[in-house]
Amino acid sequence: MTTIDHYLDNSHGQGGFDATIEPVLRVPAGDGKTIGFQTDDAVYAQLHERRSLEKVTAQINPVTGPVYVEGAKAGDTLAVEIVDIILEDYGWSVYLPGAGALQDRMGDEVFTRQIPLTDGKAQLTDDLAVPVRPMIGCIGTAPAKGAGSTIMPSFASGGNMDLTDAAIGSTVYLPVEVDGAYLSIGDIHAVMARGESSFVAIEAQGTAVVRVDVVKDMPLRAPRIATPDEWCFIGLGNPVQESIQRGYEDMFDYLVTDRGWDAGDAFVVMSAEAHSELGGPTGSDDPDPLHPFTAKGAVTVHRLPRNVLGEES
């Protein structure tokens, strides 16, 4: 059973990543202790019951926190090691009219389904159960100015990226823009297909258990994730091609500047081994206020196998 040294329940849910919010916990960087962030699924339960987003009173996609990390200074990078993700008994599949890639197929009515989570599986239909693959949808530090959204867009220091790689065994690297970092976590998914066609995955209340540390001399312009098998470089840009280019540039700079590779070697290896894909559907720019579920720009993921670096999984 996972040990949780500091537990934050979801009564600490916030509507944004914001350094003006009083931290609910202060921890030293790198002390090895775990922090449990309980997330919240109340909005989905209300949608299931009330069948209308207008009748929902629960906060949409709150994040638990913030946590002040002592020793984290603006310009540093916060390393968030995901030790465990503990799911509760069920999750939700929800269609919001006007949201997601399937809006022209699903129509104008809210759709909801409660998804039992038992014995490590999600019961998607009467006949089909799949293994759970728990992940953190919304993770980030506070921006230097204003508040970062928990819905859209994703931003330089995190947000609602909805990346399947933010899973158990991964470390998420986040830019620190304000002293203390102000880490918040929410939006656990029991299972999600990459790209998230529905805009809402199999959402579930649960607890993300993490350790935090600070990395000096690792300036980032976007989040980065180390999984057991890959380095994932996150592109944020508008239009999509800008996001793709930025992610590739960050990977190239990592190989050449951080790892000391020859530029030609980096070019050739990336041409052969660097796979890319669309990330979560939340975009990189503020959406049109008249169409709040329509993303602008893109989140992209650019994958570098760790074995090309001689790193064993």
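Because the structure is a prediction, the values reported are computed rather than measured. Residue numbers count from 1 along this sequence.
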(request) Verify whether one side chain among Thr125 and Asp127 offers a donor that lies under 3.5 Å from an acceptor in the other. (result)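 Per modelled atom types, Thr125 and Asp127 side chains form no pair under 3.5 Å.
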(request) Tell me yes or no: between the side chains of Gln123 and Thr118, is some donor less than 3.5 Å from an acceptor? (result) no
Using a cut-off of 6.0 Å, state whether more than 12 heavy atoms not belonging to [X] lie near its atom [atom1].
{"X": "Lys145", "atom1": "NZ", "result": "no"}
{"X": "Gln245", "atom1": "CD", "result": "no"}
{"X": "Asp262", "atom1": "CG", "result": "yes"}
{"X": "Asp89", "atom1": "CG", "result": "no"}

(request) Starting from Leu309, walk the hydrophobic network (Ile, Leu, Val, Met, Phe, Trp, Tyr; side-chain heavy atoms closer than 4.5 Å) and list everyone else you reach, by chain and number. (result)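 Besides Leu309, the cluster holds Tyr173, Val215, Met218, Leu220, Trp231, Phe233, Val240, Ile244, Tyr248, Met251, Phe252, Tyr254, Leu255, Val256, Trp261, Val269, Met270, Leu278, Leu304, Val308.
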Transitive ILVMFWY side-chain link [X] to [Y], under 4.5 Å:
{"X": "Val83", "Y": "Ile136", "answer": "no"}
{"X": "Val212", "Y": "Val63", "answer": "no"}
{"X": "Met135", "Y": "Ile202", "answer": "no"}
{"X": "Leu8", "Y": "Ile139", "answer": "yes"}
{"X": "Val176", "Y": "Val67", "answer": "yes"}

Is any side-chain heavy atom of [Y] closer than 4.5 Å to one of [X]?
{"X": "Leu87", "Y": "Val132", "answer": "yes"}
{"X": "Asp41", "Y": "Glu203", "answer": "no"}
{"X": "Arg51", "Y": "Thr112", "answer": "yes"}
{"X": "Ser198", "Y": "Tyr95", "answer": "no"}
{"X": "Tyr7", "Y": "Thr207", "answer": "yes"}
{"X": "Asn160", "Y": "Thr150", "answer": "no"}
{"X": "Phe17", "Y": "Ser157", "answer": "no"}
{"X": "Asp119", "Y": "Lys121", "answer": "no"}

What are the two closest non-hydrogen atoms of [X] and [Y], and how far apart are they?
{"X": "Ile85", "Y": "Ala166", "answer": "CD1-O, 4.2 Å"}
{"X": "Thr3", "Y": "Thr34", "answer": "O-OG1, 2.7 Å"}
{"X": "Ala222", "Y": "Asp250", "answer": "CB-OD2, 4.5 Å"}
{"X": "Pro223", "Y": "Ala156", "answer": "CD-O, 3.2 Å"}
{"X": "Ile21", "Y": "Gly16", "answer": "CD1-O, 4.1 Å"}

(request) Flag the pair Glu49 and Lys55 as a salt bridge only when some basic side-chain nitrogen lies within less than 4.0 angstrom of an acidic carboxylate oxygen. (result) no
(request) Answer yes or no: is there an ion pair linking Asp229 with Arg306, defined by an N-O contact shorter than 4.0 Å? (result) no
(message) Once side chain to side chain donor-acceptor pair (under 3.5 Å) is applied, do any residues pair with Thr294, and if so which ones, sequence neighbours excluded?
(response)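 In terms of side chain to side chain donor-acceptor pair (under 3.5 Å), with neighbours along the sequence ignored, Thr294 is linked to no residue.
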(message) Parallel, tilted or perpendicular: which one describes the rings of Phe199 and Phe293, with boundaries at 30° and 60°?
(response)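 The rings of Phe199 and Phe293 stand perpendicular, inter-plane angle above 60°.
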